[in-house]
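Note sheet for the following structure.
Chain letters run A, B, ... following the sequence lines, proteins first, then strands; residues in each count from 1.
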4 protein chains.
Amino acid sequence: MIIITNDTPTATAFKAALATEASTLLVFQHANRLALPTIKAVEALPLALPSYAQVVLKHHAAVQASREFHPENTVITTPHSVIGDGGLTVMAGPDSIESPEHVATMGQEVKAVGATVLRGGSFKPRTSPYSFQGVGESGLIAHRQAADAAGLDMVTEVLDPRDVDVIDQYTDIFQIGTRNMQNFALLKAVGAKRKPVVLKRGMSATLDEFLQAAEYIAAGGNTDIILMERGIRSFDNKYTRNTLDVGAIAVLKQMTHYPVFLDASHAAGERALVTQLTLAGVAAGADGFMLEIHDNPDAALVDAQQAITPAQMGDIVSKARQIHTIVRGV
Amino acid sequence: MIIITNDTPTATAFKAALATEASTLLVFQHANRLALPTIKAVEALPLALPSYAQVVLKHHAAVQASREFHPENTVITTPHSVIGDGGLTVMAGPDSIESPEHVATMGQEVKAVGATVLRGGSFKPRTSPYSFQGVGESGLIAHRQAADAAGLDMVTEVLDPRDVDVIDQYTDIFQIGTRNMQNFALLKAVGAKRKPVVLKRGMSATLDEFLQAAEYIAAGGNTDIILMERGIRSFDNKYTRNTLDVGAIAVLKQMTHYPVFLDASHAAGERALVTQLTLAGVAAGADGFMLEIHDNPDAALVDAQQAITPAQMGDIVSKARQIHTIVRGV
Amino acid sequence: MIIITNDTPTATAFKAALATEASTLLVFQHANRLALPTIKAVEALPLALPSYAQVVLKHHAAVQASREFHPENTVITTPHSVIGDGGLTVMAGPDSIESPEHVATMGQEVKAVGATVLRGGSFKPRTSPYSFQGVGESGLIAHRQAADAAGLDMVTEVLDPRDVDVIDQYTDIFQIGTRNMQNFALLKAVGAKRKPVVLKRGMSATLDEFLQAAEYIAAGGNTDIILMERGIRSFDNKYTRNTLDVGAIAVLKQMTHYPVFLDASHAAGERALVTQLTLAGVAAGADGFMLEIHDNPDAALVDAQQAITPAQMGDIVSKARQIHTIVRGV
Amino acid sequence: MIIITNDTPTATAFKAALATEASTLLVFQHANRLALPTIKAVEALPLALPSYAQVVLKHHAAVQASREFHPENTVITTPHSVIGDGGLTVMAGPDSIESPEHVATMGQEVKAVGATVLRGGSFKPRTSPYSFQGVGESGLIAHRQAADAAGLDMVTEVLDPRDVDVIDQYTDIFQIGTRNMQNFALLKAVGAKRKPVVLKRGMSATLDEFLQAAEYIAAGGNTDIILMERGIRSFDNKYTRNTLDVGAIAVLKQMTHYPVFLDASHAAGERALVTQLTLAGVAAGADGFMLEIHDNPDAALVDAQQAITPAQMGDIVSKARQIHTIVRGV
């Protein structure tokens, strides 16, 4: 069977076909371009090819993510942000939602430096089952109120496909964490929504795997995807928690049309390094970045060591904007 | 608050405490041993310490997994297998359930070489959303019938916490794949069951992270856990898909009381290497191993390159048993 | 035996002591600071401690490299450059010396963009013995002439301790390549000279190992050392040859007083990425960088794929200087 | 220019050609096979091709190492050992030569378990310049005497091309350490000798790089090469110093005709793991292995933590021989 699909295919038909027939051939169309996985597909195609300006053959496995098929940048619009349009987007906030008062205060600080998205976790992925796991739905309520009060978008992490609906009631942007980059059930669940998704790169994910994870979201019809480099695992983790892969940022900007962000807080694992790593990522071409802040970093419930103060955030944002201007050369 | 917990604590009380009070101190008891995370816990403890023969202080974060707290080997009993008692357990079968006839035939082959567990995937974690995703519940039915017909246990992978109940109706052993090692929602879901779980090591998981992932299952009261080394990601993946970490097998046998298995098929990614890698893992001290077989490997729906024939399986099992005997020195 | 040593100890006495007595205790003095490896050393010390303003105990193994012992930046002065004084130093030139005319032309291009050091290899470390191994001493002569004609310093790689003397007759700066970072015989040989050394980080060297390699040079009395990050080996090398570790640049600036440079050409392995990676390294705090250029990149004898044109070099240098100014915040 | 070379070409002509003409085409002949790097070479060839039974085109870059060109196993004969003939060779001894008496005692222990090669370092590659660097030539003398007294071969590490001649006066087998795997000057120096060389794999060397390093030795005419896997660098080095790559052993046995050994002592970094890792390597197909022993391990001058006792060595050798027999299936 051959299925011609748009950027936003009917998910039901799409999945039904995949489930019932292993040999289904997916053919993607976007604008006036058609992507065919094999040369053989051309013959089988019940289409008038001349109506397409361009036919992309032998494309990247993550065809919807690839620039060869979709050359124009994807620009994502949320209530308070325009992402991927050549500007620099800043997402900041506490690692965890601690209390309504705290996240509200943090929201004001985030707004003050010109950031447009308030981050914060109510469901936390912790290495140990005995660590603080987040405050749950009460955190979502507080987070939403803080974002609204400050005039910011809200982004928060989802860990479980069963939580997607409840989080969807509050958030503007979903976040998928590094440990869940290949949690395909979760990717499909957010792919069925029509809200932007921040997808963090897995700790040891290749760029091909990263794009194919994004493709799981796109395959559900949701192509408002923000790719976030957050440091990879390497042999040397004594002085930095992970290795920020700025080359990945530069390569992804060439390979894909999705906006590419970085999270230097988790890569550094150390607040004294967050400034340098964030600026490095912006210099490498990132469209935006995420910061973990805390007004009293040493008292943060999670990741105290890497949280920065609002003052340090202000310095980073100011320098990052200048560097972004230089890099863009406009 | 202090909670004294057994190996099988009341999950409800356990989670309620964690959710409401971040400072909850968990104290584990096992046989006549008590594990206290800090020296301070001793003073706070409303217990008559002398009634315990041993108090374990400054234990590994995954305390229930650690030998310092639980020195005896965990022995897991299923309908057709006794796992971790010093014997060598073999799990084999096709990568994917393809048809009732095929899995039934494979079951007979598996039985013939003296293996006791029939593997096979009905829900497949695939890198690309456009790849075959498994046949779903119809596969579980066929798998169960094939296992019963041959007198074997059944093991199959679960990808989504929402699938745990349906899979539980059929399988004897759950399997959590490498991409889901830190899918905490899924770990908690199988931790709430009372069936053994094969937990595969994440592609770039440290041994500490591996044990802490197992601890998520144990924290739900399910301590019938089989740890499976399946190859880690390294800089060299031209000739092998992953790097089988035999050192991990040897170290885990010292650190934890859970049975330790290996899956050389995925580490090798190449059938000509499966024999050597499996024997190496057994020589390093593994309690069992898993093999992907196919009567016509090149026609396998998934991972054709690494599937071995029943004849090669027979040769491996025979040599592995001899090496296991030498290594045990009994 | 206890030996009190300056930054420039008498190499002969130093080595003689090490060779004859394994228990020799080295005690370093710098300015009015004294570094003692162990608390026990204090008692054994035949010194009036009050004459030192500061005693550094439990220092990094590479004590001469550490900021705890030597807080001030090391500033290196060559005929045409001042390195590590807060400015940004640019080293550029062809990968290999191809002909006197070619390196002379490249020297003029390098000079034109304001760089001060002309790089070029006459002895090449090639993975295969059948690859072009460099032109040898005739290249040194041509390289020297090109540098002098343009008013530039010369830097070139040394592969063999037996070549140190001949190269010393021509070059201003020695370079030790990534494959030789722990070639201790070679490190000792350049440590016995009194000329600056560019030491490239090994492909999988930890930062501790990197500083200890530098310590081999310093132990010979040569502390004019430039540390160069050039990309590390990771699991993903499909789109970049190595992973530029900008975190290492940021950390090294905190740990050591030596100038820290980067070589993005080898990290990228692809000329379309050299700009972004170089700017990222400068944003992370580098004191300088190295570039491989070629007027006809596709015809370069070695590493054609990563060589950039003089025009691209000019763009990089211009943007890098602007970013350097922002980062320094002066 | 085209050069036809044997396994033992005239080194002078070979190097002269390479030095003077970059476009020199090397054509290897072995037995009745001819290896041509490109199809174009066939036309240029001034040879009667029919006189060769087989022409190997598009061969591995390390052609002399490859089985496609040289299918038969290389068998190396030393005074006391036959290596690579299907048997299992054991090299053991102290990490460092400490005293004539000590190495003599160790030699007797090594002989007693049926090993045939006495290892020991007189020149030590140490991470820090302030660590014990070995006793030098006096160690070579003591080592030679101990080997002769026990009726064993001698193997010792060479660090510097300038030491090759003096070491050559004493040793039966040269050893190149992991940090020098791509020290091309050193590889060329031992390639000019006619004595076997143990070449350890670099800590992050791919198998292609490993074979090409061996090719540097072979290109000098010395093809008595023993490849030694000794553990690679990975992200997890808390419980093992390096990750023993048993897959590399299995793959190398397929790719090359040289004997493949393992050194589990350095991979483990911990004596409690040396047995399991050594047996794993033998099960994966190794032709031999190396062990670090010490009669009083905790007093060893270098690497005390990983040295095993003579008793543990005896247990390992006994089990390894049994496993080797099972694996060979004869």
TODO: Can you tell which part of D/I249 gets under 4.5 Å to a heavy atom of chain B, answering side chain, backbone, both or neither?
DONE: neither
Task: Segment of D/K238 engaging chain B (4.5 angstrom heavy-atom cut-off) - done: side chain
Using 0.5 Å steps for rounding, measure from the [atom1] atom of [X] to the [atom2] atom of [Y].
| X | Y | atom1 | atom2 | result |
| --- | --- | --- | --- | --- |
| B/D245 | D/D236 | CG | CG | 7.5 Å |
| B/T206 | D/Y239 | OG1 | OH | 8.0 Å |
| D/T325 | B/I323 | OG1 | CD1 | 10.5 Å |

Heavy-atom pairs under 4.5 Å with chain D, option from [options] with the top count:
| options | value |
| --- | --- |
| B/V282, B/T240, B/L273, B/N237 | B/L273 |
| B/S204, B/G281, B/G231, B/A267 | B/S204 |
| B/N242, B/V251, B/D315 | B/V251 |

Portion of [X] that has a non-hydrogen atom of chain D nearer than 4.5 angstrom:
| X | answer |
| --- | --- |
| B/S234 | side chain |
| B/L244 | both |
| B/Q254 | side chain |
| B/A205 | backbone |

- [ ] Taking the side chain as every heavy atom from C-beta outward, state whether D/L279 and B/I326 have any atom pair closer than 4.5 Å.
- [x] no
- [ ] Measure across B/A280 and D/V246 and return the closest heavy-atom pair with its distance rounded to 0.1 Å.
- [x] CB-CG2, 4.0 Å
TODO: Please report the closest heavy-atom contact between B/R233 and D/F235, naming both atoms and the distance.
DONE: O-CE2, 3.8 Å
